[in-house]
Amino acid sequence: MKTEFAKAFIKMQQELPRIKKEADNPFFKSKYITFDTLVDDTLPIMGKNGFGITQQISNVDGKIALKTTLIHESGEVIEETATLATKTETNPQDYGSAFTYFKRYAWSAILGIAADEDDDGNKVSNKVVQQNNKDLGI
């Protein structure tokens with residue numbers, strides 16, 4: 001069991017600020033936290049509590065993935081790997097864009113921080129309904 005990790009993580013989460021969503025997403029008319037702001041606002045508190053974080057490109061079943069590891073000074077870690085979704089398999093710009101996007105989400109997820117406005121899945125659901133209606137000729 002990760003006893004030292006758990007104690008330090010709980011303490012760190014209590015100290016993390018509520019980060020202001022300062023950037024605008026014109027496509028969804030919403031706000032989000034930039035990766036720079038996320039790092040600037042969390043890294044000092046993480047360090048104060050004995051935490052570090054790494055994010056590495058990795059390979060999962062032949063697909064490019066992002067491995068995020070939260071490390072505690074005790075040597076205890078938690079990590080998660082997410083495969084990157086891209087429009088094409090051959091365009092490096094698509095991978096770069098997906099990598100940037102996933103870095104922010106993985107960083108905030110591993111710390112338990114909300115990085116975007118929560119719309120309860122409405123935007124995604126609405127897109128699926130619109131596409132289904134389009135496919136049905138409605």
Side-chain angles (χ1 to χ4, degrees):
M1 177 154 193
K2 299 176 177 174
T3 308
E4 293 303 312
F5 184 101
K7 287 179 190 174
F9 187 80
I10 290 167
K11 183 176 180 289
M12 176 189 63
Q13 275 197 318
Q14 291 171 349
E15 295 176 17
L16 287 171
R18 182 150 178 91
I19 302 172
K20 185 176 187 266
K21 296 169 178 75
E22 82 291 356
D24 291 312
N25 182 333
F27 298 105
F28 295 115
K29 296 183 175 125
S30 62
K31 292 201 166 282
Y32 66 96
I33 299 168
T34 64
F35 186 66
D36 289 343
T37 297
L38 185 62
V39 171
D40 290 347
D41 288 359
T42 59
L43 203 54
I45 295 164
M46 291 168 57
K48 176 184 164 198
N49 287 282
F51 286 98
I53 193 168
T54 64
Q55 292 186 303
Q56 303 167 327
I57 295 176
S58 88
N59 182 312
V60 174
D61 298 327
K63 295 190 180 212
I64 293 180
L66 174 68
K67 180 179 180 180
T68 301
T69 306
L70 185 62
I71 308 157
H72 185 251
E73 63 190 15
S74 66
E76 298 168 332
V77 301
I78 58 170
E79 58 189 15
E80 189 58 54
T81 302
T83 351
L84 302 184
T86 62
K87 291 179 185 176
T88 67
E89 295 292 319
T90 57
N91 186 338
Q93 285 80 15
D94 284 347
Y95 280 113
S97 179
F99 184 65
T100 300
Y101 180 83
F102 272 84
K103 279 176 35 177
R104 180 169 53 93
Y105 272 92
W107 186 293
S108 60
I110 208 161
L111 296 178
I113 295 171
D116 289 291
E117 290 181 3
D118 184 357
D119 75 345
D120 199 28
N122 288 321
K123 288 178 182 140
V124 172
S125 298
N126 191 34
K127 284 187 171 209
V128 170
V129 168
Q130 287 175 357
Q131 184 61 47
N132 288 343
N133 287 345
K134 184 179 175 185
D135 292 344
L136 293 172
I138 298 173

Are side-chain heavy atoms of I57 and I64 found at a separation under 4.5 Å?
-> yes
Distance-only donor-acceptor check, side chains Q56 and T54, under 3.5 Å = no
Is there a chain of hydrophobic side chains (I, L, V, M, F, W, Y, each step under 4.5 Å between heavy atoms) that links V60 to Y101?
-> no
E80 atom CD: more than 12 heavy-atom contacts under 6.0 Å = no
Nearest heavy atoms of K63 and T83, plus distance in Å = CB-CG2, 3.4 Å
Quick one: CH2 on W107 to CG on L70, what's the gap to the nearest 0.5 Å?
-> 9.0 Å
Linking Ile, Leu, Val, Met, Phe, Trp and Tyr through side-chain heavy atoms less than 4.5 Å apart, which residues share a cluster with I71?
-> V77
Minimum heavy-atom distance T42-I113, with the two atoms named = CG2-CD1, 3.5 Å
Just wondering, do L38 and R104 contact through their side chains at under 4.5 Å, heavy atoms?
-> yes
Has the side chain of Q55 got a donor or acceptor atom that lies under 3.5 Å from a matching backbone atom of K103?
-> yes
L111 side chain reached by Q13 side chain, heavy atoms, under 4.5 Å = no
Which heavy atom in V39 sits nearest to a heavy atom in P44, and how many Å separate them?
-> O-CD, 4.1 Å
Enter the distance from L16:CG to D41:CG here, rounded to the nearest 0.5 Å.
-> 9.5 Å
What is the distance from atom CZ of F51 to atom CZ of F5, rounded to the nearest 0.5 Å?
-> 4.5 Å
Value for CG (N49) from NZ (K11), rounded to nearest 0.5 Å, stands at 4.0 Å
Any side-chain heavy-atom pair from T81 and S58 closer than 4.5 angstrom?
-> yes
Connected via hydrophobic side-chain network under 4.5 Å: I78 and M46 | yes
Indicate whether the side chain of T69 and that of E79 have a donor and an acceptor atom separated by less than 3.5 Å.
-> yes
